[in-house]
Visitor: 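Quick one: the structure is below, questions incoming.
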Protein chains: 2
Amino acid sequence: MADIKSPANPLFLREDELRQGIEMLFFAYRDFTAKADQTLAQFGFGRAHHRVIYFVGRNPGMTVSELLGILHITKQSLSRVLSQLVHQGFITQQPGSTDRRQRLLSLTDKGAELERKLTEEQRALIARAYRSAGADAVEGFRKVLLGMIEEGDRRRFRPSLPR
Amino acid sequence: MADIKSPANPLFLREDELRQGIEMLFFAYRDFTAKADQTLAQFGFGRAHHRVIYFVGRNPGMTVSELLGILHITKQSLSRVLSQLVHQGFITQQPGSTDRRQRLLSLTDKGAELERKLTEEQRALIARAYRSAGADAVEGFRKVLLGMIEEGDRRRFRPSLPR
DNA sequence: ATTTTATGTCAGCCATATTGACTTATTTGT
DNA sequence: ACAAATAAGTCAATATGGCTGACATAAAAT
């Protein structure tokens, strides 16, 4: 029962290692979002707008349901943000061809431009981190993050089988 | 100029690799916070309370300024959350011995108990991811995250020199 | 024909962040 | 000793982004 903080005690090391992971994740995410948030503010948008723009840009023609499934928010929450983006001409909706209840979402040129501007900053941040950490580290980074993601969403990151 | 999507083109690979990084970070952070948020809701607290409890638990006797420096929010934002936690007996404040303007923050037993309960879930999630990814991957994970963190905060994660 | 699904909308609530202005106590520097 | 800077707190107003509940419409599925 003694020596609970000794470095010879693997349980303590593990505990500390995990806490460092928690904290690094917090700091990294904090800094990861900081720059884009500034840019968004210039447009009167928030982080929620960015997420919508980002995922619609990634999945042109996606449905509202799919988007909700990714964001894990309610449709009421999405609604406000999405309709702003539609009304201001960043996103277009068009009825699905097989299921006409759907409103398939895509970026307009204006939307794509904003997406680029926003994501560029984050890409640069990650690129810098990747470069300085090296390819092996990136491989490990991906492995760990993948393990933290809810099972159903992991397939998004495995080779092929995009959807 | 042709073949822009070929796997032989390192620029395309890089772009896609970076986007995957962005998305994995989003999904991992989303799932990382989801469980603790549920627990917090039972206490009528939000994520902000968790952050305060977490960092005060990690740095007993820390000042309000230090906490603000970590969270990157304004003191007005912190104020509400912090005073709730103090009034409800999760955190104690005591004047600094050398500088009596300071209110040094610590968890009460009640606060430490809540901290444990909240962090346990996140620790378990990370532990699972670490275990399944392996030690080398964890090393890489840490390296990349460290590279994403604002220079000034990196020292928190380097051996010794704790403060 | 009925039920289920995809989407949208209205209304209200709450948490968390912001800015700006001001106060108090205490320390620091000239 | 006095002025300036600092640590912390507070009041007021505002915005974003979540939530629930209730309800509506159109189209698909059974």
Side-chain angles (χ1 to χ4, degrees), chain A residues 26 29-30 33-34 36-56 61-88 91-106, chain B residues 26 29-30 33-34 36-56 61-88 91-106:
Chain A
F26 165 76
Y29 203 77
R30 182 198 69 180
T33 50
D37 285 350
Q38 281 180 257
T39 306
L40 285 159
Q42 294 168 1
F43 286 79
F45 290 153
R47 206 175 287 178
H49 299 86
H50 188 184
R51 294 196 279 251
V52 170
I53 286 181
Y54 181 87
F55 284 109
V56 170
M62 79 188 306
T63 67
V64 173
S65 290
E66 284 168 343
L67 188 50
L68 287 174
I70 286 176
L71 299 179
H72 283 191
I73 59 174
T74 61
K75 70 180 168 180
Q76 295 91 331
S77 298
L78 175 58
S79 164
R80 210 174 337 113
V81 170
L82 184 54
S83 52
Q84 281 174 35
L85 290 171
V86 169
H87 290 142
Q88 297 181 34
I91 285 185
T92 51
Q93 297 175 306
Q94 64 173 180
S97 52
T98 67
D99 185 338
R100 282 179 308 181
R101 292 171 302 180
Q102 300 173 335
R103 314 286 173 90
L104 306 184
L105 306 172
S106 304
Chain B
F26 165 76
Y29 202 78
R30 183 198 70 179
T33 50
D37 285 350
Q38 281 180 257
T39 306
L40 286 159
Q42 294 168 0
F43 286 79
F45 291 154
R47 207 175 285 178
H49 298 85
H50 188 184
R51 292 195 280 251
V52 170
I53 285 179
Y54 180 87
F55 284 108
V56 170
M62 78 190 305
T63 67
V64 172
S65 292
E66 284 168 343
L67 187 51
L68 287 173
I70 286 176
L71 300 179
H72 283 192
I73 59 175
T74 61
K75 70 180 168 181
Q76 295 89 332
S77 297
L78 176 58
S79 161
R80 206 180 342 105
V81 169
L82 184 54
S83 52
Q84 282 173 32
L85 291 170
V86 168
H87 289 142
Q88 296 182 34
I91 285 184
T92 51
Q93 297 174 306
Q94 63 173 180
S97 52
T98 67
D99 186 338
R100 280 178 311 181
R101 290 171 303 181
Q102 299 173 335
R103 312 289 171 90
L104 306 183
L105 307 171
S106 305

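So you know, we letter chains A, B, ... as the sequences are listed, proteins then strands, and number each from 1.
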Visitor: B/Val56 versus B/Met62: any side-chain heavy-atom pair under 4.5 Å?
Guide: yes
Visitor: List the residues meeting ring pair (Phe, Tyr, Trp, His ring centres under 6.0 Å) with A/Tyr54, not counting sequence neighbours, and say none if there are none.
Guide: none
Visitor: My understanding is that only residues two or more places apart in sequence, or in another chain, count here; which of them pass side chain to side chain donor-acceptor pair (under 3.5 Å) with A/Thr39?
Guide: A/Glu121
Visitor: Any idea which of C/dT16, D/dA28, D/dG18 is nearest the B/Arg51 side chain?
Guide: C/dT16
Visitor: Would you mind classifying the nucleic acid contact of A/Gln93 as base, sugar-phosphate or nothing, using non-hydrogen atoms under 4.0 angstrom?
Guide: sugar-phosphate
Visitor: Quick one: label A/Arg80 by what it contacts on the DNA or RNA (base, sugar-phosphate, nothing), any heavy atom closer than 4.0 Å.
Guide: base
Visitor: Taking B/Ile70's backbone N and O only, do any of them form a donor-acceptor pair with A/Arg30's side chain (distance below 3.5 Å, no angle check)?
Guide: yes
Visitor: A/Leu105 has an atom CG; how far is it from atom C1' of C/dG8, in whole Å?
Guide: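 Roughly 13 Å, once rounded to whole Å.
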Visitor: Given atom CG of B/Leu68 and atom P of C/dT16, what is their separation to the nearest angstrom?
Guide: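 B/Leu68 atom CG is separated from C/dT16 atom P by 16 Å.
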Visitor: Between A/Leu78 and A/Ser97, just flag the one whose closest nucleotide in DNA chain D comes earlier from the 5' side.
Guide: A/Leu78
Visitor: Find every protein N or O atom lying less than 3.5 Å from an N or O atom of nucleotides 3-7 of chain D, and list the pairs.
Guide:
| unit_1 | atom_1 | unit_2 | atom_2 | d |
| --- | --- | --- | --- | --- |
| D/dT6 | O2 | B/Arg101 | NH1 | 2.2 |

Visitor: Using only heavy-atom distances, determine whether the side chains of B/Arg47 and B/Thr33 contain a donor-acceptor pair under 3.5 Å.
Guide: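 Side-chain D/A pair, B/Arg47 to B/Thr33: present.
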Visitor: Taking only side-chain N and O atoms of A/His49, does any of them lie within less than 4.0 angstrom of OP1 or OP2 on D/dG17?
Guide: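 Yes, within the criterion.
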Visitor: When the distance from CG of B/Leu71 to C1' of C/dT18 is rounded to whole Å, what number comes out?
Guide: 15 Å
Visitor: Is there a donor-acceptor pair closer than 3.5 Å between any side-chain N or O of A/Gln84 and the backbone N or O of A/Val81?
Guide: no
Visitor: Once you round it to whole Å, what is the distance between C1' of D/dG18 and CZ of B/Phe45?
Guide: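 Those two atoms, CZ and C1', are 19 Å apart.
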Visitor: Figure out the CD/C1' separation between B/Gln94 and C/dT26, and round it to whole Å.
Guide: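 Nearest whole value for this atom pair: 17 Å.
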Visitor: Specify the closest pair of heavy atoms between A/Ser106 and A/Gly61, including all atoms of both residues, with the distance to one decimal.
Guide: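 Scanning both residues completely, I find the closest heavy atoms to be OG-N, 3.4 Å.
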Visitor: Rounded to whole angstroms, how far apart are CG on A/Leu40 and C1' on C/dT18?
Guide: 15 Å
Visitor: Figure out the NE2/P separation between B/His50 and C/dA15, and round it to whole Å.
Guide: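 Going from B/His50 (NE2) to C/dA15 (P), I get 17 Å.
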Visitor: Go through the structure and list residues passing ring pair (Phe, Tyr, Trp, His ring centres under 6.0 Å) with A/His49, not counting sequence neighbours.
Guide: A/Phe45
Visitor: Which letters describe nucleotides 20-25 of chain D, given B = protein heavy atom under 4.0 Å from base, S = only from sugar-phosphate, - = neither?
Guide: BBB---
Visitor: Using atom CZ of B/Arg47 as one end and atom P of D/dG17 as the other, report the distance to the nearest whole Å.
Guide: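 Between P of D/dG17 and CZ of B/Arg47: 14 Å.
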Visitor: How would you list, by chain and number, every residue that makes a side chain to side chain donor-acceptor pair (under 3.5 Å) with B/Arg101, sequence neighbours excluded?
Guide: B/Asp99
